[in-house]
Protein chains: 2
Amino acid sequence: MELSEAIFGLVHAVRNNMKQEIKLLSIDLAPMHLKSLKVISIIDNCTGQKLADFMGRDKAQINRLIKELVSQELITKIDNENDKRSHLLKLSIKGDKIIELFKIAEKRVFNKMANDISPEKIDDFIQLTQILQSNLNPKSIE
Amino acid sequence: MELSEAIFGLVHAVRNNMKQEIKLLSIDLAPMHLKSLKVISIIDNCTGQKLADFMGRDKAQINRLIKELVSQELITKIDNENDKRSHLLKLSIKGDKIIELFKIAEKRVFNKMANDISPEKIDDFIQLTQILQSNLNPKSIE
DNA sequence: AAAATTAGTTGACATTATCAACCAAAATAA
DNA sequence: TTATTTTGGTTGATAATGTCAACTAATTTT
């Protein structure tokens with residue numbers, strides 16, 4: 001079997017399982033909103049532009065998305081001292097609760113996936129995964 | 001680092017790279033159309049329902065998608081002898097050419113990703129990936 | 001200081017996705 | 001067998017998601 005096939009297959013399975021778990025936990029948020037929330041929670045000092053870049057989406061869409069997340073009180077915009085054009089996006093307590101729920105879903109899926117595998121094997125797997133990823137990431141020219 | 005984090009990171013990188021490669025090859029097809037084409041090429045005797053199930057999408061959408069793929073002459077509907085309600089979806093030569101292009105993009109990304117890793121390590125990786133996937137797949141009750 | 005770039009915002013519009021209602025074929029139950 | 005239910009597909013209406021182009025204001029480059 002090809003590497004690509006294997007990875008696509010695994011990703012497909014993870015996607016389906018996550019979908020299921022998210023439904024079970026009744027995280028009542030549109031997929032894009034949830035995804036944005038997650039990215040905001042991961043990226044340091046996230047701004048609209050960073051969010052758009054990371055998600056690979058048009059900034060217009062991201063801007064509207066942010067507006068909705070703000071109006072749903074899942075995030076807040078904080079003035080950016082370093083750049084007065086932009087705002088830092090921070091999860092509210094409500095937003096953070098949803099991310100915690102999401103992490104539960106994630107944990108369930110990844111436990112189901114890996115709990116019969118030895119920690120050593122998992123560690124090796126993670127390590128190789130990171131190498132593979134770094135091969136794909138654009139090299140910054142020094 | 002967590003397994004989930006590692007996998008999400010890798011997938012994100014693969015996604016971005018595939019997007020880039022597909023753009024370079026100027027495969028001029030909407031993302032969903034390309035994805036459907038790929039699934040049709042993978043699934044044996046693919047029907048609309050199978051396609052909808054696999055993609056996890058509404059059958060209405062899939063139905064319209066199929067209509068467009070047919071009108072673009074990328075696939076053909078063949079009468080299903082086993083079930084006269086449905087049709088088998090087959091790639092046309094034109095559709096097959098696009099899939100071949102897609103495979104080139106895929107190959108480029110996965111070479112870039114893995115060509116500094118020994119084949120043995122890749123094989124181990126693929127094997128574990130398959131185990132992880134099978135842990136997630138719904139067990140058929142025998 | 002002038003010009004170019006960047007972050008964000010908005011309007012118009014295209015694509016993607018879902019729901020509900022419907023028909024006909026097929027599977028199941030009576 | 002006939003009646004009922006389920007399944008695969010189709011359509012209309014509409015919602016969610018995504019893109020392009022134009023614009024403003026802050027920042028950076030020249």
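These values consider heavy atoms only, across backbone and side chains, with no hydrogens, waters or symmetry-generated copies. Letters A, B, ... are given to chains in the order of the sequence lines, protein chains preceding strands, and every chain is numbered from 1.
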Tabulate protein N/O versus nucleotide N/O from nucleotides 27-30 of chain D, keeping only pairs under 3.5 Å, one per line.
residue	atom	partner	partner atom	Å
D:dT27	OP1	A:Lys84	N	2.7

Check your understanding: Considering only heavy atoms, which members of residues 50-59 of chain A lie under 4.0 Å from some atom of DNA chain D?
Key -> A:Arg57, A:Asp58
Review point. Which residue pairs pass the salt bridge (Lys or Arg N to Asp or Glu O under 4.0 Å) test when at least one of the two sits in residues 108-119 of chain B, sequence neighbours left out?
Key: B:Glu21-B:Arg108
Exercise for review: Report yes if a donor N or O on one partner sits less than 3.5 Å from an acceptor N or O on the other, where the partners are the side chain of B:Arg64 and the base of D:dG12; otherwise report no.
Suggested key: yes
Exercise for review: Using a heavy-atom cut-off of under 4.0 Å over every strand shown, decide if B:Gln61 touches base, sugar-phosphate, or nothing.
Suggested key: base
Practice item. Can you measure from CD1 (B:Ile75) to CG (B:Leu88) and round to the nearest 0.5 angstrom? Key: 11.0 Å
Revision key, fill the gap. Of all heavy-atom pairs linking B:Asn135 and A:Ala114, the shortest is ND2-N, 4.4 Å
Review point. So, for A:Leu3 and B:Met113, which heavy atoms are closest and what is the spacing to 0.1 Å?
Key: CD2-CE, 3.7 Å
Point to revise | Heavy-atom pair of closest approach, residues A:Leu65 and A:His33 | key: CD2-CD2, 3.7 Å
**Study point:** salt bridge (Lys or Arg N to Asp or Glu O under 4.0 Å): pairs with one or both residues in residues 75-88 of chain A, sequence neighbours excluded
**Key:** A:Asp83-A:Arg85
Practice item. Kindly state which residues belonging to residues 19-38 of chain A come within less than 4.0 angstrom of DNA chain D, counting heavy atoms of the residue only, listed by number. Key: A:Ala30, A:Pro31, A:Met32
Check your understanding: Residues in ring pair (Phe, Tyr, Trp, His ring centres under 6.0 Å) with A:Phe102, at least two apart?
Key -> none
**Study point:** Closest non-hydrogen atom pair, A:Val109 against B:Leu136
**Key:** O-CD2, 3.5 Å
**Study point:** Flag side-chain contact, heavy atom, 4.5 Å: B:Leu132 against A:Phe110
**Key:** no
Exercise for review: Find the bend of the helix from C:dA1-D:dT30 to C:dA30-D:dT1 as the angle between its two terminal axes (five pairs each), to the nearest 10°.
Suggested key: 40°
**Study point:** Contact list for DNA chain D against residues 66-77 of chain B - heavy-atom distance below 4.0 Å
**Key:** B:Lys67, B:Lys77
Review point. Can you find a pair of side-chain heavy atoms, one from B:Thr129 and one from A:Met1, that are under 4.5 Å apart?
Key: no
Exercise for review: Using chain A heavy atoms and a threshold of under 4.0 Å, write down where along DNA chain C the contacts begin and end, 5' to 3'.
Suggested key: C:dT6 to C:dA12
Study note, to complete from the structure: To the nearest angstrom, the CD1-C1' distance between A:Ile62 and D:dA16 comes to 14 Å
Revision key, fill the gap. When every non-hydrogen atom of A:Lys90 is compared with those of A:Ile78, the smallest separation belongs to CG-CD1, 3.3 Å
Review point. Hey, does B:Glu106 have a side-chain heavy atom less than 4.5 Å from the side chain of A:Glu2?
Key: no
Practice item. Verify the contact: side-chain N or O of B:Asn63 to OP1 or OP2 of D:dG9, cut-off strictly under 4.0 Å; return yes or no. Key: no
Check your understanding: Which side chain to side chain donor-acceptor pair (under 3.5 Å) pairs, counting each pair once, include a residue from residues 92-101 of chain B, with sequence neighbours left out?
Key -> none
Atom pairs and distances, donor-acceptor, side-chain atoms in residues 37-60 of chain B, under 3.5 Å, two or more places apart:
residue	atom	partner	partner atom	Å
B:Ser41	OG	B:Lys38	O	2.6
B:Thr47	OG1	B:Lys50	N	3.3
B:Gln49	NE2	B:Asp53	OD1	3.2
B:Lys50	NZ	B:Asp44	O	3.0
B:Lys50	NZ	B:Asn45	O	3.2
B:Asp58	OD2	B:Ala60	N	2.8

Exercise for review: Report the residue (A:Ala60 or B:Ser86) whose heavy-atom-nearest nucleotide on DNA chain D is the more 5′ of the two.
Suggested key: B:Ser86
Check your understanding: Taking only residues at least two apart or on different chains, which pairs with a member in residues 118-132 of chain A satisfy salt bridge (Lys or Arg N to Asp or Glu O under 4.0 Å)?
Key -> none
